[in-house]
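First up is the structure itself, then whatever we jot down about it.
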Amino acid sequence: MQVTLHQLKVFKTVARHGSFTRAAEELEITQPTVSSQIKQLANAVGMPLFEQISKQLYLTDAGQELLTTCRDIFERLDHFEMKIADFKGTKQGNLRLCVVTTAKYFIPKLLGKFCQKYPGIDISLAVTNHRKLNRRMQNNQDDLYVLSQPPADLDLQAQSFLENPLVLLAPTDHPLAQQKNISIQALDGETFIMREPGSGTRQAMELLFDQHKIAVRVRLELGSNEAIKQAIAGGLGLSVISTHALTGEVSNGELTILDVQGFPIRRRWYATYLNGKQLSVVAQAFLDYLLVESQNIPVATKASDYPMAISA
Ligand code: PGA
């Protein structure tokens with residue numbers, strides 16, 4: 001089969017954008033050139049790679065297979081370049097990282113210091129929820145993933161590096177706010193604000209409530225931890241949130257952590273990648289860095305930890 005790396009690059013870009021025009025813009029070539037490259041590639045493969053259904057471009061089965069192959073080829077070439085740079089004594093190349101929504105409270109800060117240490121490394125950081133991250137992991141789209149609760153149905157390398165306690169958050173004037181050691185049954189019938197379906201935080205909260213047969217009233221679903229904190233402060237309900245997402249709302253008296261049995265829900269952060277995947281030089285450097293530097297991140301698990309955690 002006669003194909004060139006250039007054709008594969010054009011194909012990969014069209015598949016990513018789902019559009020010949022946008023691929024042409026990104027690659028700074030004309031749209032007819034993109035079309036002719038894809039046509040030549042399809043001729044070499046002997047099957048169509050895309051099909052167009054009501055103006056929308058879809059990969060055919062053959063196209064999907066070629067995309068997986070393309071990712072492998074370009075990943076291997078990237079790894080090769082990184083190894084050569086490493087032989088020359090520098091760390092250089094691309095790091096593709098995908099983290100769950102809640103990890104955005106500490107990963108970007110760590111990345112900042114990592115980039116200062118290795119200025120030759122370019123980072124792409126995808127932030128998404130637990131379910132979407134799993135999908136990306138299955139498709140081998142990134143080098144490394146950061147999440148709590150690695151999925152049991154995927155064959156993964158997973159290194160635990162930090163606690164991720166989930167606490168029950170309420171407005172300070174909530175009737176349970178002054179009580180200690182509250183029975184979890186007291187939450188039955190309470191009004192809650194939930195993260196969106198697919199969120200790992202939501203999954204953990206639902207599991208705990210199912211175990212204790214607690215039925216809560218869901219008033220609102222929100223895809224952002226920041227919006228949830230505002231909604232709690234506004235009196236719209238209670239919610240469960242990672243302590244990493246608390247950035248002063250408890251210490252300044254805006255919100256309070258309820259002392260309910262079963263909380264905090266104890267989870268941990270993991271850095272994961274698919275078993276059998278060869279980590280690039282750059283991804284390995286970041287993993288090593290993460291495992292060491294994350295130990296300096298303060299983790300608060302109860303209200304009295306806050307002044308310490310905030311000032312640390
Ligand atoms: P989430 O995941 O941001 O999707 O809720 C966080 C977690 O799994 O703890």
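Numbering of residues begins at 1 and proceeds along the displayed sequence.
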Search all heavy atoms of [X] against all heavy atoms of [Y] and return the closest pair with its distance.
X	Y	result
S148	R267	CB-NH2, 3.4 Å
A42	P48	CB-CA, 4.5 Å
L255	P171	CD2-CA, 4.3 Å
Q7	Q37	CG-OE1, 3.0 Å
S35	F20	OG-CD2, 3.5 Å
C98	L133	O-CD1, 3.6 Å

Do the side chains of [X] and [Y] get close enough for a salt bridge, i.e. N-O under 4.0 angstrom?
X	Y	result
K277	E75	yes
E190	R217	no
E206	R202	yes

Applying the 4.5 Å side-chain criterion to the ILVMFWY set and letting contacts propagate, would [X] and [Y] be lumped into a single cluster?
X	Y	answer
V3	L5	yes
V282	L274	yes
L110	L95	yes
V100	V127	yes
V146	L156	yes

Under a plain distance cut-off of 3.5 Å, with no hydrogens placed, do [Y] and [X] share a side-chain donor-acceptor pair?
X	Y	value
Q203	Q149	no
N129	E196	yes
T33	T30	yes
N164	S242	yes
Q141	R96	no
S160	R268	yes
N225	R195	yes
Q284	D288	yes
E26	H17	yes

Below 4.5 Å, heavy atoms only, C-beta onward: do [X] and [Y] meet side chain to side chain?
X	Y	result
C70	I73	no
S199	H130	no
V34	F11	no
T69	L67	no
L144	L287	yes
L66	L41	yes
D210	K213	no

[atom1]/[X]: more than 12 non-hydrogen atoms of other groups inside 6.0 Å:
X	atom1	value
K132	NZ	no
Q211	CD	yes
Q295	CD	yes
F74	CZ	yes

| message | If the condition is side chain to side chain contact (heavy atoms under 4.5 Å, CB included), which residues does T21 pass it with, not counting sequence neighbours? | response |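 Applying side chain to side chain contact (heavy atoms under 4.5 Å, CB included) to T21 gives S19, E25, Q31.
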
| task | Just do the side chain to side chain contact (heavy atoms under 4.5 Å, CB included) check on V99 and L147 with the steps written out, would you? | result | CA-CA 6 Å; V99 309; L147 76 166; over 6 Å; no

Between the main-chain N or O of [Y] and the side-chain N or O of [X], is there a donor-acceptor pair closer than 3.5 Å?
X	Y	result
T90	A85	yes
H244	K104	no
E249	T247	yes
T256	A177	no
D143	A283	no
K229	A245	yes
N252	E254	yes

| query | Under the 4.5 Å side-chain heavy-atom rule for ILVMFWY, direct or indirect, which residues accompany I182? | reply |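 Reading the cluster by chain and number, I182 sits alongside L166, L168, L176, I184, L187, F192, M194, M205, L208, F209, I214, V216, V218, L238, V240, L258, V260, F263, I265.
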
| query | Which side-chain hydrogen bond (donor to acceptor under 3.5 Å, both in side chains) pairs, counting each pair once, include a residue from residues 43-65, with sequence neighbours left out? | reply |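 Output for this query is empty, none listed.
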
| Inter-residue atom distance F106.CZ - S294.OG, 0.5 Å rounding |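 Separation between the atoms: 7.5 Å.
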
| field | From CA spacing to verdict: side chain to side chain contact (heavy atoms under 4.5 Å, CB included), N140, R71 | value | CA-CA 8 Å; N140 188 24; R71 284 197 181 124; 5.8 Å; no

| Under the side chain to side chain contact (heavy atoms under 4.5 Å, CB included) criterion, do L169 and S239 qualify, and how do the steps go? | CA-CA 5 Å; L169 218 55; S239 196; 5.5 Å; no

| task | Look at the aromatic rings of F286 and F114 and report parallel, tilted or perpendicular, splitting at 30° and 60°. | result |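 If you compare the ring of F286 with that of F114, the planes turn out perpendicular.
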
| query | Could you walk me through whether Y273 and Y145 pass the ring-ring contact (aromatic ring centres under 6.0 Å, His included) check? | reply | CA-CA 6 Å; Y273 55 95; Y145 301 86; 9.2 Å; no

| query | Going through the checks in order, is the side chain to side chain contact (heavy atoms under 4.5 Å, CB included) test met by N181 and Q261? | reply | CA-CA 6 Å; N181 203 18; Q261 288 162 4; 3.5 Å; yes

